[in-house]
Amino acid sequence: MQIGVFNGVNLDMLGKRNPEIYGGISYGELETRIYAWAAELGCSARCKQTNHEGELVENLHEARSWAEGIVINPGAWTHYSYAIHDALELFDVPIVEVHLSDITRREEWRRHSVIEAVASHRVMGEGPDGYRRALSILTGTE
Ligand code: DQA
C-alpha cells in the first residue's frame, strides 16, 4: 500500500517552534520515523512538506495517480483553506487528518477544521506518534 504523507505550512520548523506544544523532534526526524513505521506496518510512505499552499494542492493532484491512502497535517491551513479541502475532495481513498496538538483544546480559532469534512479519520494530540496511528488506521493494523 502506497501512502502519501503531506505536511503543510510551518511544519518544517518542528523542534524549533513551540516544542512544549509540538514536541522537540525536527521535521527530518519525523520523516525518518514515518519511514520506519511504514516499513514496520508493511506499507510504503512518501513524505512531502511545503510552505506553499498551491504546491500542496499540486502535490495532492499528483498523488491521485498513486496514493492508496493519505495522511495530512495542513498546519494552519487546516483552519481556513478551502483550496486544500477541495483538492482532498478529489480522492476516493481514505484520508487521515493528523495534528500533533489537540486543536479542540487550544485557541478558539484553531478548533474549527475545514478539512474535517473530507477526512475519514482524525488523529490529534498524540504528537509524532499520531502519524504512526494514522498509518496503522490506513493499513488496518490498528
Ligand atoms: C497543527 C495545529 C495547527 O493549529 C497549527 O497551525 C500547526 C500545527 C498541529 O499539528 O497541531 O501548524 O496542525
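In each ligand, atom 1 is the first atom listed, and ligand 1 is the first ligand listed.
Annotation for ligand 1: atoms under 4.0 Å from non-hydrogen atoms of His79 are 3 (C), 4 (O). Near Ser101, the atoms of ligand 1 lying under 4.0 angstrom from a non-hydrogen atom of the residue are 2 (C), 9 (C), 11 (O). Remark: ligand 1 atoms within the under-4.0 Å shell around heavy atoms of Arg17 are 5 (C), 6 (O), 7 (C), 12 (O). For ligand 1, the atoms lying closer than 4.0 Å to a non-hydrogen atom of Tyr22 are 5 (C), 7 (C), 8 (C), 9 (C), 11 (O).
Residues His99 and Pro74 meet the side-chain proximity criterion, which asks for heavy atoms closer than 4.5 Å. In this structure the side chain of Glu53 never reaches within 4.5 angstrom of the side chain of Val9, judged on heavy atoms.
For the atom pair CD of Glu31 and CD of Glu29, the computed distance is 10.5 Å after rounding to the nearest 0.5 Å. Between atom CZ of residue Arg33 and atom CZ of residue Arg132 there is a gap of 12.5 Å, rounded to the nearest 0.5 Å. Residue Gln2 holds its CD atom at 11.0 Å from CD1 of Ile70, rounded to the nearest 0.5 Å. In this structure, Met124 CE and Ile103 CD1 are separated by 4.5 Å, a value rounded to the nearest 0.5 Å.
Judged purely by atom type and a 3.5 angstrom limit, Ser81 has no side-chain atom pairing as donor or acceptor with the backbone of Thr78.
Atom 5 (C) of ligand 1 has its closest protein heavy atom at Arg110 NH1, 3.2 Å.
Here Asn73 has side-chain heavy atoms under 4.0 Å from ligand 1, and that is the only part of it that gets that close. Here Leu100 has heavy atoms under 4.0 Å from ligand 1 in both its backbone and its side chain. Proximity of Glu97 to ligand 1, defined as any heavy-atom pair under 4.0 Å, is not found for any part of the residue. Only the side chain of Ile103 comes within contact range of ligand 1, with a heavy atom under 4.0 Å; no backbone atom does. Proximity of Met124 to ligand 1, defined as any heavy-atom pair under 4.0 Å, is not found for any part of the residue. Residue His99 touches ligand 1 through backbone and side chain together, judged by heavy-atom distances below 4.0 Å.
If you check the side chains of Asn7 and Tyr131, you find a donor sitting under 3.5 Å from an acceptor.
Checking only distances, Val98 never comes within under 3.5 Å of ligand 1, N or O to N or O. On a distance-only criterion, Arg106 and ligand 1 share no N/O pair closer than 3.5 Å.
Considering Val71, Asn73, Val96 in turn, Val96 is the only one that fulfils the side-chain contact (heavy atoms from CB on, under 4.5 Å) rule with Val123.
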